[in-house]
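Everything on this sheet refers to the single structure shown next.
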Amino acid sequence: MDGTNDSAQGNFILLGFSDHPHLETILFVVILIAYLLTIVGNTTIILVSRLDSHLHTPMYFFLTHLSFLDLSFTTSSIPQLLYNLSGRDKTISYIGCAIQLFLFLGLGGVECLLLAVMAYDRFVAVCNPLHYMVIMKPRLCMGLVLLAWGCGVANSLAMSPVTLHLPRCGHHSVDHFLCEMPALIRMSCVNTAVIEGTVFVLAVGIVLSPLVFILVSYGYIVRAVLRIRSASGRQKAFNTCGSHLTVVSLFYGNIIYMYMQPGHNSSQNQGKFLTLLYNIVTPLLNPLIYTLRNREVKGALRRLLLGDREVEKK
């Protein structure tokens, strides 16, 4: 039987957390609250960064794109998960599954590269502060963002069709809460060693290469910070870079575990909860880690809510 296109004739069934029915109601409430907070937090960052002229800097330009990415990334799968958790219907159309897979891989790849771009921004700010605005020109910033988007989309265009066209011999049940690459590979009824090897090679380029760049950048940043004589200056530099490193740790810790061992090697239940963490917790925490604890953003929020004059009086 040629199962190459059999999934295209019907829907997929997302099993999700159906093997833990007692958790579904709890998960629905928790995920819904987290999703709403994610929307509020990231939308706030985008609006404040765009509306307040004090935040028209390269750092907040990149943070705006990160927030947009987090909104898009979460929205690509969480509404479908909430729908599946709320009732017995666990189905998703083939087209819906293909779109979900493409967005999940594409946006995830873009975020890997964007975090590397943000590391370069911090590297220039700390190691070459006097020439920061000269180096980080608007044209360069836009070029770096477009490069990240282009490479992420290209990576997804390479990975998605290969995954979707694997023979499944009539199997339609996805043991996950979204159409995610490792789960779709596990559904295949043929040997997937070659596919997994290809995925691993692509993952090295899109996941590990940016991570190596980030680590090298922070090696230079730490060396530069240690040379700062002022204790307050060192503390300010570490605070700024610490936020980025925290998000990098959350993001890369999950994605490396999931995608550097894409097939049968990973625990399915563990993979579901890690993907959930990667899908909702990281986007929820990013605004808090990066900006909502930042004095510049707090000042911008006061100016927008109270007006410039009221803030100046205080």
Side-chain angles (χ1 to χ4, degrees), residues 1-16 19 73 76-77 80-81 90-113 148-212 251-279:
M1 176 180 177
D2 181 11
T4 302
N5 296 315
D6 56 357
S7 294
Q9 299 173 4
N11 298 332
F12 283 106
I13 300 171
L14 297 175
L15 297 179
D19 53 341
F73 188 74
S76 70
S77 59
Q80 178 71 44
L81 172 59
K90 312 293 184 183
T91 60
I92 183 173
S93 68
Y94 178 83
I95 297 299
C97 184
I99 292 172
Q100 195 175 74
L101 175 65
F102 176 79
L103 290 175
F104 192 79
L105 289 175
L107 296 173
V110 174
E111 188 153 349
C112 286
L113 296 165
W149 276 97
C151 291
V153 171
N155 176 68
S156 186
L157 286 173
M159 286 180 156
S160 300
V162 172
T163 305
L164 288 168
H165 284 85
L166 284 171
R168 296 185 179 87
C169 303
H171 299 150
H172 297 280
S173 297
V174 183
D175 192 11
H176 216 293
F177 64 82
L178 80 161
C179 290
E180 186 218 29
M181 185 175 59
L184 292 174
I185 290 176
R186 283 194 295 267
M187 289 174 61
S188 177
C189 57
V190 297
N191 190 318
T192 59
V194 175
I195 299 298
E196 291 184 37
T198 304
V199 168
F200 181 84
V201 172
L202 290 173
V204 168
I206 205 71
V207 178
L208 289 188
S209 296
L211 179 58
V212 170
F251 182 82
Y252 272 101
N254 286 309
I255 201 171
I256 288 175
Y257 180 86
M258 289 187 293
Y259 291 105
M260 297 307 287
Q261 44 178 3
H264 300 274
N265 297 326
S266 56
S267 167
Q268 294 179 21
N269 284 328
Q270 189 178 27
K272 291 177 189 178
F273 285 102
L274 279 172
T275 306
L276 187 61
L277 180 70
Y278 167 63
N279 232 32

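Every value quoted in this text rests on a predicted model; they were computed, and no experiment measured them.
- Listed by first and then second residue, the side-chain hydrogen bond (donor to acceptor under 3.5 Å, both in side chains) pairs that reach into residues 148-159 are Ser156-Ser160, sequence neighbours excluded.
- Pairs engaging residues 90-102 under the salt bridge (Lys or Arg N to Asp or Glu O under 4.0 Å) rule: Glu24-Lys90 [sequence neighbours left out].
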- Apply side chain to side chain contact (heavy atoms under 4.5 Å, CB included) to Met181 and Leu101, showing your working. CA-CA 7 Å; Met181 185 175 59; Leu101 175 65; 4.2 Å; yes

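- Shown here for Met187 and Arg168, the closest heavy-atom pair between the two residues is CE-CD, 3.5 Å.
- The two residues Val174 and Ala183 make their nearest non-hydrogen contact at CG1-CB, 3.8 Å.
- The CG atom of Leu277 sits 12.0 Å away from the CZ atom of Phe251 when rounded to the nearest 0.5 Å.
- For the atom pair CD1 (Ile13) and OG (Ser173), the distance works out to 4.0 Å, reported to the nearest 0.5 Å.
- A heavy-atom distance below 4.5 Å is not found between the side chains of Cys179 and Ile99.
- One N or O on the side chain of Ser93 and one on the backbone of Gly96 form a donor-acceptor pair closer than 3.5 Å.
- Considering every non-hydrogen atom in both Cys112 and Pro210, the closest pair reads O-CB, 3.6 Å.
- With sequence neighbours left out, the ring pair (Phe, Tyr, Trp, His ring centres under 6.0 Å) criterion links Phe177 to Phe17.
- With rounding to the nearest 0.5 Å, the separation of CZ in Phe73 from CG in Leu103 is 10.0 Å.
- Partners of Val190 by side chain to side chain contact (heavy atoms under 4.5 Å, CB included), not counting sequence neighbours, listed by chain and number: Pro167, Ser188.
- Counting heavy atoms from C-beta outward, Val199 and Met159 have side chains that approach closer than 4.5 Å.
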- Does the side chain to side chain contact (heavy atoms under 4.5 Å, CB included) test come out yes or no for Leu184 and His176, once each step is laid out? CA-CA 9 Å; Leu184 292 174; His176 216 293; over 6 Å; no

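- How far CG of Asn191 is from CD of Glu196: 8.0 Å, rounded to the nearest 0.5 Å.
- Residue Ile206 comes nearest to Gly109 through the heavy atom pair CG1-CA, 3.9 Å, listed as atom of the first residue, atom of the second, then distance.
- For Ser77, the side chain to side chain contact (heavy atoms under 4.5 Å, CB included) test picks out Gln100, Leu178, Asn279, with sequence neighbours left out.
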- Message: Does Ser76 form a side chain to side chain contact (heavy atoms under 4.5 Å, CB included) with Phe102? I'd like the steps, not just the answer.
- Response: CA-CA 10 Å; Ser76 70; Phe102 176 79; over 6 Å; no

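- Taking OG1 of Thr163 as the reference point, atom CD of Glu180 lies at 10.5 Å (rounded to 0.5 Å).
- Here the closest heavy-atom approach between residue Cys151 and residue Leu113 is recorded as CB-CD1, 3.3 Å.
- Annotation: the span from Ile195 atom CD1 to His165 atom NE2 amounts to 11.5 Å, rounded to 0.5 Å.
- Partners of Ser209 according to the side chain to side chain donor-acceptor pair (under 3.5 Å) rule, which considers only residues two or more places apart in sequence or in another chain, do not exist here.
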